[in-house]
Amino acid sequence: EQAHRELGSPMPNRSRIAVLFASDGFAPQAIAEQLPGGIIPFGCSSGAVIAAGQTHLDSISAVLLDLPSDSFRMGCFARHSDSAFTLGQRMGRWAHSCFAKPAAILFVAGVQLNGDELLAGFFEHTGPISLTGAYAANGDFSFDNIWVLGNEGIVEEGAHLLVFDESQLPIETIALSGWSRIGTRKIVTRSEGSTVFEIDGQPALDIYQRYFRLHEREDDSLYTELYNEYPIQLIRDDGTTASRVVIGVDHQRRCLTYTG
């Protein structure tokens, strides 16, 4: 509100977007209603938020964009029964139809949506474009009450997509992580989709138990919290890397299910 007030009323043919992250305890509808009139919300839930280089709980961080009204489009994509790939295709087709040279920010809700498949479907229609974004999260690692918010409302499983016209707004992206790689390189020797059964020929759960010195009597909430603090780093055949956190533990099959 302070930034909106200092900027004054928007000039004709310009719009304002609040790109925001909200930690636990903030209802998305209330956030949208509290924004000054005319500001378009675009954001997602988060475990913690970062502002001015500091991490904050029980907070909202936001940046206010003042843009030409014809330089962006915002779309809402509920998942319905779509696979991650099909949802990505829907978004990619729409982004490609918006501008001849699009760039985008993507906020996704739904940890069961495979990120690699989602992006594969998206880029099938857009080709290589500048794209950044985030998966919605919360602070207790339960992945309950996660959401994305945009001009068409709230989505709890799906995505909101903000597409820019790069002919008007040149976009550059950078991805940073607070995690540092530790441990030895290992090979996933058996998996199905996002579920890993074996690492170096041994049950995946057994590997984690040894690393974290966990015992069977400890409940899944402790497992999930520890695993979220120590994600796995995947090294693809082309040398690129991706971090994935555990979202499911199967004690009987000794396997782990990851995001993405």
What distance do Phe122 atom CZ and Trp94 atom CH2 have between them, rounded to the nearest 0.5 Å? 9.0 Å
Rounded to the nearest 0.5 angstrom, the OG-CZ distance for Ser71 and Arg14 is 7.5 Å
Give a yes or no answer on whether the side chain of Ser45 reaches the backbone of Ile146 with a donor-acceptor pair at less than 3.5 Å. no
Rounded distance (nearest 0.5 Å) linking atom CD1 of Ile207 with atom CD of Glu198: 10.0 Å
Nearest 0.5 angstrom please: Arg90 CZ to Leu118 CG, how far? 10.5 Å
Under a 3.5 Å cutoff, is there a donor and acceptor pairing between the side chains of Ser59 and Ser23? no
Please confirm whether the ring centroid of Phe107 lies under 6.0 Å from the ring centroid of Phe21. yes
Cation-pi check, Arg190 to Phe197: give yes when NZ or CZ is under 6.0 Å from the six-membered ring centre and within 45° of the ring axis, no otherwise. yes
Under 3.5 Å, is there a donor-acceptor pair between the side chain of Asp200 and the main chain of Gln202? no
Tell me if the CD atom of Glu156 is crowded by more than 12 foreign heavy atoms within 6.0 Å. no
Side-chain donor/acceptor of His96 to backbone N/O of Thr126, under 3.5 Å: no
Using atom types as modelled and distance alone, determine if a side-chain donor or acceptor of Ser243 lies under 3.5 Å from a backbone N or O of Pro231. no
